[in-house]
Amino acid sequence: MRPLNLNTIQFFEAVARLSRLNLAAEELRVSPSAVSQQIKSLEEAIGVALFRRVKRRLVLTEAGELFYASSTQALGLIRNARSRVSRKQEYRSLVIRVAPSFGVRWLSPRIGGFVEAHPDFDIRVDATSELTDFDKENVDLEVRYGLEPPKGVNATPLITDQVMPFCHPKFAQDAALVGLSVTLGSARLIHTVKAQVTWQEWLERQNIDSVDSSHGLHFDRSSMSIRAAVDRLGVVLETATLAMPELQSGSLVPLAPHLGALCFPTYWLCCPPRHLNRRAVKAFANWIGEEAKEHESRKLRLLGSLGCEQYFDYKTDG
């Protein structure tokens, strides 16, 4: 059997993925005839047909499907290895992955301080809810949202969330006059669908069974839920961490501060232990740790000034 050429496999992968010679040629910056010649050479080397033509498209045969699955995985490993080698050479680059709302509302207003302190670092922030596979992706650090630290990586707790209902001050005034149950029964509930604590859980812990939590507005980002509450569209169950700018400005207030808040560690700074040997990773970890401590201190003082002084462990209390 003839040895396989890596360049030929790259041509095959492009055609299999795009299903057309001209599209593969355009991506690879060669002529369609050159791509066709490489595919023919590969099929001769393997001894089987890898494609069949259906109208103007090239469709993988059964043998082609099998070869595509293996070749894609092999090329991915090579690309990732190249990325890791390049990253070691460019050791001052830093790639950080964060949850979208955390990135927009918490990290973005602060990261300028880190940039000013480390002007020689190239920084990329990837805001996504997808979890990182550190063995396959070019990511140095991740700030992960969740109740428990992830397994298999070094995980340091950054921030403890205080979850409670927030609303426009007018809603809070109405609640003081007519009562919490009546207010929640008539107000629109705003849900953040990816939040750890749901309205149903909160209502059950407060022994409020007269409110139907299945209705209301549902958003998949905390930033959108908080904005809706500011716009007087209802009452939002959210974290003081993400709602802190609105609490500071007075555009949102706790609906029932005397009931306290549910608390749990929720943001974790994560990376494989080996990444902690990198200068850029160490610098960012130290910086964000100090920022988180200062944030926690200011947040608790703010909540106290708004009448919230009781905190209950979400996992054990209730």
Side-chain angles (χ1 to χ4, degrees), residues 79-162 194-196 221-223 226 238-245 248 263-302:
R79 292 185 186 114
N80 287 327
R82 183 177 63 186
S83 295
R84 287 196 292 270
V85 170
S86 298
R87 186 171 58 191
K88 286 185 178 180
Q89 294 174 340
E90 301 291 336
Y91 68 95
R92 287 190 176 129
S93 66
L94 184 64
V95 181
I96 308 154
R97 177 167 287 175
V98 298
S101 290
F102 181 84
V104 171
R105 299 187 65 83
W106 195 94
L107 182 60
S108 182
R110 293 172 170 81
I111 199 168
F114 180 77
V115 172
E116 290 179 5
H118 302 278
D120 55 332
F121 289 169
D122 290 329
I123 301 169
R124 191 184 88 206
V125 179
D126 180 13
T128 175
S129 296
E130 295 185 11
L131 303 182
T132 302
D133 185 338
F134 286 101
D135 291 328
K136 295 182 179 179
E137 298 183 81
N138 183 24
V139 176
D140 294 295
L141 283 163
E142 179 179 27
V143 178
R144 188 172 293 183
Y145 175 72
L147 283 173
E148 299 290 343
K151 303 276 193 289
V153 295
N154 185 86
T156 303
L158 277 180
I159 292 174
T160 295
D161 261 342
Q162 291 79 28
K194 295 181 181 178
Q196 292 289 349
R221 294 285 183 266
S222 292
S223 53
I226 293 168
E238 261 297 343
T239 75
T241 295
L242 297 182
M244 193 165 168
Q248 289 174 316
C263 302
F264 52 95
T266 188
Y267 289 103
W268 309 83
L269 184 64
C270 307
C271 70
R274 64 182 182 276
H275 287 197
L276 295 173
N277 295 323
R278 299 173 188 164
R279 176 187 161 205
V281 171
K282 283 182 181 178
F284 186 82
N286 291 335
W287 171 81
I288 198 172
E290 290 302 315
E291 286 290 321
K293 287 179 183 177
E294 174 61 22
H295 163 81
E296 293 288 79
S297 177
R298 287 190 288 110
K299 181 176 58 175
L300 291 177
R301 289 198 302 269
L302 175 62

**OP:** For the residue pair F114 and F284, categorise the inter-ring angle as parallel (less than 30°), tilted (30 to 60°) or perpendicular (more than 60°).
**Re:** perpendicular
Original post:
Any idea which heavy atoms bring L302 and Q248 closest together, and the distance?
Top reply: CD2-CG, 3.6 Å
**OP:** Over all heavy atoms of both residues, which pair between R124 and N138 is shortest? Give the atoms and the distance, please.
**Re:** NH2-O, 4.2 Å
Original post:
What residue among R298, K293, K299 forms side-chain hydrogen bond (donor to acceptor under 3.5 Å, both in side chains) with E296?
Top reply: K299
Subject >> Flag side-chain contact, heavy atom, 4.5 Å: L94 against R278 >> reply: no
Subject >> Full working for side-chain contact (heavy atoms from CB on, under 4.5 Å) between C271 and L276 >> reply: CA-CA 8 Å; C271 70; L276 295 173; 3.6 Å; yes
**OP:** Can you see which heavy atom on I159 is nearest to which on A292, and at what distance?
**Re:** CG1-CB, 4.0 Å
**OP:** Return each pair, listed once, that meets salt bridge (charged side-chain N to carboxylate O under 4.0 Å, His left out) where at least one residue sits in residues 148-158; pairs must be two or more places apart or across chains.
**Re:** E148-K315
**OP:** Please report the C-alpha distance between Y145 and D161 in whole Å, then the side-chain angles of each, then the deciding distance to 0.1 Å, and finally whether the side-chain contact (heavy atoms from CB on, under 4.5 Å) criterion is met.
**Re:** CA-CA 10 Å; Y145 175 72; D161 261 342; 4.0 Å; yes
Original post:
Could you state the interatomic distance from CD1 (I226) to CZ (R221), rounded to the nearest 0.5 Å?
Top reply: 13.0 Å
Subject >> Distance, nearest 0.5 Å, that separates CG of L242 from OG of S222 >> reply: 5.0 Å
**OP:** To the nearest 0.5 Å, tell me how far D140 CG sits from I123 CD1.
**Re:** 10.5 Å
**OP:** Write down the atom of L300, the atom of Q162, and the distance for their closest heavy-atom approach.
**Re:** CD2-NE2, 4.0 Å
Original post:
Atom CD of Q196 and atom OG1 of T239: how far apart are they, to the nearest 0.5 Å?
Top reply: 11.0 Å
Original post:
With ring centroids as reference points, do Y267 and F102 lie under 6.0 angstrom apart?
Top reply: yes
Original post:
Can you pull the side chain to side chain donor-acceptor pair (under 3.5 Å) pairs that have at least one residue in residues 102-117, sequence neighbours excluded?
Top reply: R105-E246, W106-H295, R110-H295
Original post:
How long is the span from the NZ atom in K282 to the CG atom in N277, to the nearest 0.5 Å?
Top reply: 6.0 Å
**OP:** Might you point out which heavy atoms bring T160 and C263 nearest each other, and give the distance in Å?
**Re:** CG2-CB, 4.2 Å
Subject >> Between CG on residue L147 and OG1 on residue T266, distance to nearest 0.5 Å >> reply: 6.5 Å
Original post:
Do you know the tightest heavy-atom contact between L131 and R97?
Top reply: O-NH1, 3.7 Å
Subject >> P100 side chain near S129 side chain, heavy-atom distance below 4.5 Å >> reply: yes
**OP:** I would like to know whether L107 and V143 meet side-chain contact (heavy atoms from CB on, under 4.5 Å); could you show each step before the answer?
**Re:** CA-CA 10 Å; L107 182 60; V143 178; 6.0 Å; no
Subject >> Candidate pair H275 and C270, rule side-chain contact (heavy atoms from CB on, under 4.5 Å), full reasoning >> reply: CA-CA 10 Å; H275 287 197; C270 307; over 6 Å; no
Subject >> Contacts of type side chain to side chain contact (heavy atoms under 4.5 Å, CB included), residue D133, not counting sequence neighbours >> reply: D135, K136, E137
